[in-house]
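A, B, ... follow the sequence lines: proteins, then strands. Residue 1 opens every chain.
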Amino acid sequence: MSTRKGPTTRPPRCLNAPSCSNTAAASRSRAMPRRTRRPKSSTGSRNRCPERCFERSSPAMDESTTAYHTIAEVGRDLDRFEGKEVELRGWLYNKRGSGKIQFLQVRDGTGTLQVILSRSDVDEETFNLARGLSQESSIIVRGLVARDTRSALGFELHGKSLIQVGTSEDYPISPKPHGVAFLMDRRHLWLRSTRQHTILRVRHTIIKAIRDYFDSHDFVLIDAPIFTPNACEGTSTLFEVPYFDEKAYLTQSGQLYMEAAAMAHGKVYCLGPTFRAEKSKTRRHLTEFWMCEPEVAYLDLDGDMDLAEDCLCYVVETVLEKHAADLERLGRDVEALRRIKKPFPRLSHREAVDLINRAIDDGTADRRSAGAERTTTESIEDDAAQLHKPTTKTDEETSPKKRARYDDDFGGDEETILSRMFDRPVMVHRYPHQVKAFYMKRDPDDPRVALCVDVLAPEGYGEIIGGAQREDDLEKLLERIDAHELSRESLGWFTDLRRYGSVPHAGFGLGIERTVAWICGLHHVRETIPFARTMDRLKP
RNA sequence: UCCGGAAUAGCUCAGUCGGUAGAGCGGGUGGCUGUUAACCACUAGGUCGGGGGUUCGAGUCCCUCUUCCGGAGCCA
């Protein structure tokens, strides 16, 4: 929907264009919106729709002083709008009132505003229409903008007229807490709830910040394919799909393609969906998730860590600038986010293992998982209710003391312990090579480890970035391919990159959903993506 | 796949020792001119997840299946 500032200057367009183009039957069959008050207008005959649909009588369609605005627009420029009449188009979020006054909470996508309808200000038909509105009815309201300290936004609207555009009967998500399964089944509606609305707006900002960061550092966006002929990393389970007469797989990483692109453009990144068919059932796993993967020619591991650190700081800073109040409302400890500043601690895997084991021995290891103190329920209001819910107990006093090992990857527990020791992301580098992907370069100073890095978000959130310097030597790469029992032939294009002007290069993959969960302080990644795909959820 | 937990009104839940089913919210009706998850009164709403068993009697005990939730492994 277009938004206009100031009075309408171009001819208004019928919102309902398809059904207005003289398809009388279609138009008649749809519920005729109830219009209760014809706004005074002397030029109402212009732009009339040939059918008797509501657009022609909508206040917006008349050339009056009232223009259509969003709640955000009004809030941004309150000095200009105060005392002016505006029109809002949105949905009824909640309603309270008496026989003489009605308080409508109207959301329009940009915000939620209270509209007051007094019996003394409007005609009876309008007042009764307001009284009878149900949750999520779509409505168009006109009224005067007024400052008021009783409003959370600092202003409200004194309604003068009201049109119901669409009805909404038995809206399932009532303004009370619901269970996760119930809400996930109705994710298409849950998106409208304040909390979910806020989270997806923060997600938008995070993705935009990531793109802005790379764009402003001379990176080129290169889109990686979704269909791939073979496993990129060989370890994870892939989704297999028929591809004409052969089999294809949904990509689990754009990484290899980014290596090719980096040899063409120097600095590149991709940002797209990734698919893993692993049967993971945890709060940090999805079968379909989004990843940003930068790749840079002539970059070594230290440079790669610099890049990851700088990028994350920019993203956090940007989110804090735009969403500090939103994060507060989500229950996020904003001060903890403000501490996310360079430099991030850098530990070798070996040092990290020692640190973890010392903590386990001292009994200071904190295994609680991130966000565990909160339960996942939701009301349509901000999650004040959630914060008052009884805490769930998650301390695992009985958990066996499993010590970290030099020759093995971290488990979730170890990651959690480590990430709780620092107030900013931790970069753990040089993991044992045998637990890492074939394309990672071995450390020339210690062939037991790979030149790789995992960035663990603090507060128990764990891994949000995995990166590495890539093996640029043809012979060594071929050895790795054989050792991992991958096909030299199908990776021929990839090994070509080492035949024709190979250079040191590095990159990483940043998980969008885990980053959103961390920044928003969420318990589970399923709330960070509009329509989560998990092991046992493909709907809606 | 493995280990735990759960399933009762549209939703969130309670239901004691095995004795014929409860609340709040939501819906409906009425009341209230500044409400903030509004409030007050009245009202409708149930195959207690499916199947089997024990018992005079099962929401409650046992077996089984299904679904969901949490966790592990793997990973971003």
Nearest-angstrom distance from the residue atom CD1 of A/Ile173 to C1' of B/G10: 13 Å
Hey, does the side-chain of A/Gln135 have a donor or acceptor N/O within less than 3.5 Å of a partner on the base of B/G27? no
Salt-bridge contact A/Glu527-A/Arg187 (side-chain N to carboxylate O under 4.0 Å): no
C1' atom, B/U12 versus B/C48: distance in rounded Å? 16 Å
Within less than 4.0 Å of OP1 or OP2 of B/C32, is there a side-chain N or O belonging to A/Arg119? no
Ranking B/G26, B/U33, B/G27 by distance to the side chain of A/Asp170, first place goes to B/G27
Output yes when A/Glu414 and A/Arg405 qualify as a salt bridge under the 4.0 Å nitrogen-oxygen rule, no when they do not. no
Would the base of B/C11 count as contacting A/Arg186 through its side chain, where contact means a donor and an acceptor less than 3.5 Å apart? no
Could you tell me how far B/G46 sits from B/G22 if I compare only their C1' atoms? Round to whole Å. 11 Å
Tell me if the aromatic rings of A/Phe410 and A/His349 count as close, with their centers under 6.0 Å from one another. yes
Only counting residues at least two apart or in another chain, list the ones meeting side chain to side chain contact (heavy atoms under 4.5 Å, CB included) with A/Glu240. A/Lys247, A/Tyr249
With rounding to whole Å, what would you report as the distance between B/U8 and B/C13 at their P atoms? 9 Å
Could you check how far CG of A/Leu117 sits from P of B/G34, rounded to whole Å? 15 Å
Qualifying residues under side chain to side chain contact (heavy atoms under 4.5 Å, CB included), relative to A/Ala483, sequence neighbours excluded: none
Could you check whether A/Asp215 pairs with A/Lys208 (Lys NZ or Arg NE/NH1/NH2 to Asp/Glu carboxylate O, under 4.0 Å)? no
Nearest-angstrom distance from the residue atom CD of A/Glu156 to P of B/U36: 14 Å
I'd like the C1' distance from B/A58 over to B/C3, given in whole Å. 30 Å
Could you state the CG-P distance from A/Leu538 to B/C68, rounded to the nearest angstrom? 12 Å
Among B/G31, B/G71, B/G34, the one nearest A/Arg131 by side-chain distance: B/G31
Note every stem involving RNA chain B: at least three consecutive Watson-Crick or G-U wobble pairs, i with j then i+1 with j-1, with both distances under 3.5 Å. B:1-7 with B:66-72, B:10-13 with B:22-25, B:27-31 with B:39-43, B:49-53 with B:61-65
Go through B/C69, B/U35, B/U12 for me and flag the one nearest to the A/His178 side chain. B/U12
Between NE2 of A/His524 and C1' of B/G71 the distance, given in whole Å, is 11 Å
For the pair A/Ser253 and A/Glu293, evaluate side chain to side chain donor-acceptor pair (under 3.5 Å) and give the outcome as yes or no after the intermediate values. CA-CA 8 Å; A/Ser253 167; A/Glu293 294 174 280; 2.7 Å; yes
Comparing A/Met535 and A/Glu513 on RNA chain B - which has the more 5′ nearest nucleotide: A/Met535
P atoms of B/U29 and B/G53, separation to the nearest Å: 47 Å
Pairwise C1' distance, B/C17 and B/U55 [rounded to whole Å]: 15 Å
Select base, sugar-phosphate, or nothing to describe what A/Gln114 touches, counting heavy atoms under 4.0 Å on all strands. base
Is the base of B/C75 touched by the side chain of A/His285 through a donor-acceptor pair closer than 3.5 angstrom? yes
From the candidates B/A76, B/U35, B/C68, the one with an atom nearest any side-chain atom of A/Met291 is B/A76
Round to a whole Å and report the spacing from CD of A/Glu278 to P of B/C74. 10 Å
Given B/U33, B/G26, B/G71, identify the nucleotide with an atom nearest to the side chain of A/Ser120. B/U33
Regarding A/Asp409, tell me which of base, sugar-phosphate or nothing describes its non-hydrogen contacts under 4.0 Å with the strands shown. sugar-phosphate
Closest approach to the side chain of A/Arg150, judged atom by atom: which nucleotide of B/C69, B/C32, B/U36 is it? B/U36
Just do the salt bridge (charged side-chain N to carboxylate O under 4.0 Å, His left out) check on A/Arg424 and A/Glu309 with the steps written out, would you? CA-CA 10 Å; A/Arg424 59 192 77 187; A/Glu309 180 182 69; over 6 Å; no
Close aromatic pair by centroid cut-off 6.0 Å: A/Phe344 and A/Phe422: no
Identify whether any heavy atom of A/Glu288 sits under 4.0 Å from a base atom; if not, whether one sits that close to sugar-phosphate; answer base, sugar-phosphate or nothing. nothing
Heavy atoms only, 4.0 Å cut-off, all strands: where does A/Leu286 land among base, sugar-phosphate and nothing? base
What is the separation between atom CG on A/Leu113 and atom P on B/G34, rounded to the nearest whole Å? 19 Å
On the side chain of A/Ser280, is there an atom forming a donor-acceptor pair with the base of B/C74 - under 3.5 Å, no angle test? yes
Between B/G59 and B/A9, how many Å separate the two C1' atoms, rounded to a whole number? 14 Å
Could you work out which one of B/C75, B/C11, B/A76 sits closest to the side chain of A/Phe182? B/C11
When rounded to whole Å, the NZ to P distance for the pair A/Lys281 and B/C68 reads 8 Å
Stacking of A/Phe289 on B/A76 base (centres under 5.5 Å, planes under 30°): yes
Expressed in whole Å, how much space separates the C1' atoms belonging to B/U20 and B/C25? 27 Å
Does OP1 or OP2 of B/G70 have a side-chain N or O of A/Arg283 closer than 4.0 Å? no
Of A/Ser134 and A/Phe410, whose closest RNA chain B nucleotide lies nearer the 5' terminus? A/Ser134
Please round to the nearest 0.5 Å and tell me the distance separating atom CG of A/Leu330 and atom CZ of A/Arg195. 5.5 Å
Report yes if a side-chain nitrogen or oxygen of A/Asn94 is closer than 4.0 Å to either non-bridging phosphate oxygen (OP1 or OP2) of B/U35; otherwise report no. no
